Each structure stands twice: as structure tokens, then as C-alpha cells.
Amino acid sequence: REPIEFRVGTDALAVVVSAENDFVTALSKEQLGKIFTGEFTTWDQVDATYPAEAIGIFSPGADSGTFDYFVEAVVAPLTLNADGKADVALGEEALLGLEGAQFSEDDNVLVQGVEGSKYAIGYFGFAYFSENSGALKAVAVEGVEPNQTTVDDGTYPISRPLFIYSDASILKEKPQVAAFIY
């Protein structure tokens, strides 16, 4: 089979802190990577003007595609293999090994965890943040705030296109598949 790629949407991850957090507004991907690998364990390590308080980590679980993408885009570039290349497996190991980190497949648990601590940080799908924006604050990444425009135009650094795949022969044989895709 010869797969044909069809773009069906855009996915983005929102990095969030509690609405009570009055010090974090923007972080670089490198800072995020250092937080989610445990290199930074207190906020003042991220920025000397931030409080010397422990960072609470909330993350989707390892069975989540959100977890996979975050590791690939943010954590793996800081976890290099022997060849000096980003290593997803090392990134997963680093994130999953964080002492005190809370993992859940339920985004409501992540929202409640971050909302409940001024010093917590987490991430999940942008659409889910939009539904819970009153309790949380989205963090700009590389100076770009997550919003519909920056997600759609690809300038928000933790966004990516989503695709489905089919084959030309299947599209001919099964018009219902073609109708679904188009």
C-alpha cells in the first residue's frame, strides 16, 4: 500500500499554572525541559526573581499521546544519547522518574492538581485548557501565547499538524472512506 496523508487538524499543548501564580508568564522550551527532567526543582532555579519554592509537576500518564508529544518536543532535546542526539526513551525515563510528580490519564485530575497549588505546573491539550481557563493560566512558550491564532498558524512552539492516512485503492473501493476523509 502507498499511504496518502490528509491533514485533519492541529494539536497543541498548553503549559499551565494556577491562576494564583503571579510570577510565571512565559518560559522557554529549555526551561520547561529542565523543569520536567528534574534539573530545576525550585522556581528560583528557573529564574532568580521567582520564589524559592518547590515546583509541583503534573503530567499526563505514559499511555497518553499528549505525554509522548511533550517528551518528544520538550524533554527529549535535553536528554541526549551517546551520539549527542535527543533521546525519547531517556526523556520518558527522566520525566517518569521525577520524585513527587503526579501522573494521570484524567485531565480533570491534572487541572485540580495545578489549580490547587500556586507553585505547580502541568500540561495537557490546548482545547482542554480553553474549557478550564478560569482556574488556570496558560504560560507563553518561547514568548508565544497559546491561542487559536498561534496554534492554527503554527507559531506556538508546542503545536503540530494532525493527519490520517489512507490508500488510493481503498478510496476507490470504499467511497464511504473517501467521503469521511473529504
Side-chain angles (χ1 to χ4, degrees), residues 7 9-51 53-62 64-80 85-88 90-92 94-96 98 101-104 107 109-111 113-115 117-163:
R7 184 174 178 169
T10 304
D11 181 34
L13 304 185
V15 176
V16 297
V17 294
S18 168
E20 294 179 11
N21 182 310
D22 57 0
F23 55 94
V24 176
T25 57
L27 295 167
S28 69
K29 282 175 67 175
E30 181 178 6
Q31 288 171 314
L32 285 170
K34 288 180 177 182
I35 289 169
F36 284 91
T37 59
E39 188 173 333
F40 291 156
T41 58
T42 60
W43 283 108
D44 62 328
Q45 293 172 324
V46 177
D47 184 307
T49 65
Y50 294 170
E53 297 287 340
I55 301 170
I57 302 288
F58 289 85
S59 171
S64 165
T66 301
F67 174 90
D68 293 340
Y69 178 56
F70 188 81
V71 168
E72 179 184 314
V74 176
V75 179
L78 295 180
T79 53
L80 306 180
K85 296 183 180 179
D87 190 312
V88 172
L90 288 175
E92 286 179 5
L95 178 50
L96 291 171
L98 285 177
Q102 300 292 310
F103 298 93
S104 178
D107 288 341
V109 171
L110 301 176
V111 167
V114 173
E115 180 183 12
S117 173
K118 182 177 180 174
Y119 305 108
I121 189 168
Y123 66 94
F124 39 73
F126 174 73
Y128 200 75
F129 162 72
S130 296
E131 295 173 13
N132 292 279
S133 60
L136 302 169
K137 209 170 63 167
V139 175
V141 177
E142 300 294 345
V144 180
E145 293 192 28
N147 60 49
Q148 199 62 55
T149 301
T150 61
V151 168
D152 288 344
D153 69 17
T155 57
Y156 179 66
I158 316 177
S159 62
R160 63 182 174 163
L162 296 176
F163 301 95

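Values in this document were obtained by computation on a predicted structure and should not be read as measured data.
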Is there a side-chain contact between L78 and E30 (heavy atoms, below 4.5 Å)? yes
Separation between OH of Y156 and CG of L13, rounded to the nearest 0.5 Å: 7.0 Å
Considering only heavy atoms from C-beta outward, does the side chain of P157 approach that of K29 to under 4.5 Å? yes
Sub-3.5 Å donor-acceptor pair from the side chain of E53 to the main-chain atoms of W43, do we have one? no
For the CD atom on E145, are there more than 12 heavy atoms of other groups (residues, nucleotides or ligands in this structure) within a distance under 6.0 Å? no
Any donor-acceptor pair under 3.5 Å linking the side chain of T79 with the backbone of A76? yes
Give me the atom names and distance for the closest heavy-atom approach of Y119 to A54. CB-O, 3.5 Å
Spell out, as yes or no, whether a donor-acceptor pair under 3.5 Å connects the side chain of T10 to the backbone of D152. no
T41 side chain vs G38 backbone, donor-acceptor pair below 3.5 Å: no
Shortest non-hydrogen contact between T37 and L98, atoms and distance: C-CD2, 3.5 Å
Using the ring-ring contact (aromatic ring centres under 6.0 Å, His included) definition, which of the options F58, Y128, Y69, F36 pairs with Y123? F36
Looking at CZ of F163 and CG of D11, how far apart are the two atoms once the value is rounded to the nearest 0.5 Å? 11.5 Å
Considering all heavy atoms of both residues, which atom of A12 and which atom of V151 are nearest to each other, and what is their separation? CB-CG2, 3.5 Å
Result for side chain to side chain contact (heavy atoms under 4.5 Å, CB included) between V17 and one of L27, I121, L136 points to I121
If you apply the rule side chain to side chain contact (heavy atoms under 4.5 Å, CB included), what do you find for V46 with K34, and how did you get there? CA-CA 8 Å; V46 177; K34 288 180 177 182; over 6 Å; no
May I ask you to decide if T42's main-chain N or O and Y50's side chain share a donor-acceptor pair within less than 3.5 Å? no
Is any side-chain heavy atom of F23 less than 4.5 Å from a side-chain heavy atom of T49? no
Write down the atom of D87, the atom of L80, and the distance for their closest heavy-atom approach. CB-C, 4.4 Å
Search all heavy atoms of G125 against all heavy atoms of T66 and return the closest pair with its distance. N-CG2, 4.4 Å
Stepwise side chain to side chain contact (heavy atoms under 4.5 Å, CB included) check, V16 with N132: CA-CA 10 Å; V16 297; N132 292 279; over 6 Å; no
Could you check whether any side-chain N or O of K137 sits under 3.5 Å from a backbone N or O of V24, counting only pairs where one atom can act as donor and the other as acceptor? yes
CG/L95 to CZ/F103 distance, rounded to the nearest 0.5 angstrom? 4.5 Å
Between OG1 of T155 and CG of N147, what distance do you get to the nearest 0.5 Å? 7.5 Å
Using modelled atom types and a 3.5 Å cut-off, is there a donor and acceptor pairing between side-chain atoms of E72 and backbone atoms of D68? no
Under 3.5 Å, is there a donor-acceptor pair between the side chain of S130 and the main chain of F126? yes
Side chain to side chain contact (heavy atoms under 4.5 Å, CB included) assessment of V74 paired with V141: CA-CA 11 Å; V74 176; V141 177; over 6 Å; no
Write down the atom of S59, the atom of F67, and the distance for their closest heavy-atom approach. OG-CD1, 3.7 Å
For a side chain to side chain contact (heavy atoms under 4.5 Å, CB included) check, start with the C-alpha distance between D22 and K118, then their side-chain angles and the critical distance, and finish with the verdict. CA-CA 8 Å; D22 57 0; K118 182 177 180 174; 3.4 Å; yes
